[in-house]
Undergrad: 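Sharing a structure with you now.
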Amino acid sequence: MPVVRSSARRWPNSTTVSGSAQRPALVLSALGSLDDRVRGLRAGGDDYLPKPFALIELVARVEALLRRPNETRDTRLIVGPLDLDLLAGTATRSGRALDLLPRELKLLDYLVRRPDRIITRSMLLRDVWGYTFEPNSNVVDVHMGRLRRKVDGEGEPQLIRNVRGQGYVFDVPV
């Protein structure tokens, strides 16, 4: 449950709303001016609903907050034998350093955060390359081929696999 910390009637500069990446904070308040709403959002609220409000609106806002992707921005990811340190820009598999280019690290980060899901080329172009169109090239396939050769060493179980005609899947080791 999010908590608003404030000892004054109005939002002081030191007011904070505690929530987390896993639990969004919806501020319910009797303070409804534009300045109050802006302060509530800047204090860490993910949404702000001033009183009085209709119960159906509260329910709709909670549902909307819960629909948001629960993707945290951890800078260190450890999944099975894979260890990614995004701040240092390094990755290892079972202690073996992976010499990844920045784009390959970004691709691996994207895949690791979406385990056991088919990731299409369109998703990669949009979310990793920032393209809003589909170029007529094999840029994704080339980068994924290089990444798979670096991550999946000889004799190691395959972590990244191609799903013919659909995309790629990062298989979480059991």
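Nothing fancy with the numbering, it's 1 onward along the sequence.
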Undergrad: Does atom CZ of R96 have more than 12 heavy-atom neighbours from other groups under 6.0 Å away?
TA: yes

Undergrad: What's the separation between atom OH in Y48 and atom CG in D36, rounded to the nearest 0.5 Å?
TA: 5.0 Å

Undergrad: Is it true that a side-chain atom of K51 and a backbone atom of L28 form a donor plus acceptor pair closer than 3.5 Å?
TA: no

Undergrad: If I compare all heavy atoms of P157 with all of D152, which pair ends up nearest, and what's the gap?
TA: O-OD1, 3.8 Å

Undergrad: Working to the nearest 0.5 angstrom, can you tell me the gap between F170 CZ and L159 CG?
TA: 5.0 Å

Undergrad: For a quick test of reading the model, state the closest non-hydrogen atom pair linking N162 to G167 and the distance between them.
TA: OD1-O, 3.1 Å

Undergrad: Which heavy atom of P50 sits nearest to which heavy atom of G32, and what is that distance?
TA: CB-CA, 3.7 Å

Undergrad: Are the side chains of I160 and L108 in contact, using a 4.5 Å heavy-atom criterion?
TA: yes

Undergrad: Hey, are R146 and E104 close enough for a salt bridge, meaning a charged N less than 4.0 Å from a carboxylate O?
TA: no

Undergrad: From Y110 OH over to I119 CD1, what is the distance, rounded to the nearest 0.5 angstrom?
TA: 5.0 Å

Undergrad: Look at the rings of Y131 and F133 and say which category their plane angle falls in: under 30° parallel, 30 to 60° tilted, over 60° perpendicular.
TA: parallel

Undergrad: Any heavy-atom pair between the side chains of L101 and K150 that's under 4.5 Å?
TA: yes

Undergrad: Determine, using the 4.5 Å side-chain heavy-atom cutoff (strictly less than), whether M144 and V169 are members of one ILVMFWY cluster.
TA: no

Undergrad: Pairs in or reaching into residues 52-65: which pass side-chain hydrogen bond (donor to acceptor under 3.5 Å, both in side chains), with residues at least two apart or in two chains?
TA: D47-R61, E57-R61

Undergrad: How far does OG1 of T90 sit from CG of L84, to the nearest 0.5 angstrom?
TA: 8.0 Å

Undergrad: Is there a side-chain contact between R148 and Q158, using heavy atoms and a 4.5 Å cut-off?
TA: yes

Undergrad: Could you see if F53 belongs to whatever hydrophobic cluster contains L66? Use Ile, Leu, Val, Met, Phe, Trp, Tyr and a side-chain cutoff under 4.5 Å.
TA: yes

Undergrad: Can a donor-acceptor pair be found, under 3.5 Å and without considering hydrogens, that links the side chain of E156 to the backbone of G153?
TA: yes

Undergrad: Indicate the atoms forming the closest heavy-atom contact of V27 with G45, along with that distance.
TA: CG2-CA, 4.0 Å

Undergrad: Can you establish whether the number of heavy atoms outside D116 located under 6.0 Å from its atom CG is more than 12?
TA: yes

Undergrad: Checking N138 side chain against D141 main chain: does a donor-acceptor pair fall under 3.5 Å?
TA: no

Undergrad: Hydrophobic clusters here meaning ILVMFWY residues chained together by side-chain heavy-atom distances under 4.5 Å, can you tell me if V128 and V140 are in one?
TA: yes

Undergrad: Does D109 come within less than 4.0 Å of K106, counting only side-chain N to carboxylate O?
TA: no

Undergrad: Do L111 and V139 belong together in a cluster built from hydrophobic side chains that touch within less than 4.5 Å?
TA: yes

Undergrad: Do R76 and L87 have side chains that approach each other closer than 4.5 Å (heavy atoms only, starting at C-beta)?
TA: no

Undergrad: Which heavy atom of L105 sits nearest a heavy atom of G89, and at what distance?
TA: CD2-CA, 3.5 Å

Undergrad: In the single-linkage hydrophobic clustering (I, L, V, M, F, W, Y; side-chain heavy atoms under 4.5 Å), do I78 and V112 co-cluster?
TA: no

Undergrad: Determine whether L26 and L58 make a side-chain contact, defined as any pair of heavy atoms from C-beta on separated by less than 4.5 Å.
TA: yes

Undergrad: Do M123 and I118 pass the side chain to side chain contact (heavy atoms under 4.5 Å, CB included) test, and can you show the C-alpha distance, the side-chain angles, and the key distance before you say yes or no?
TA: CA-CA 10 Å; M123 292 167 68; I118 294 176; over 6 Å; no

Undergrad: Under 3.5 Å, side chain of D83 to main-chain N/O of T92, donor-acceptor pair present?
TA: no

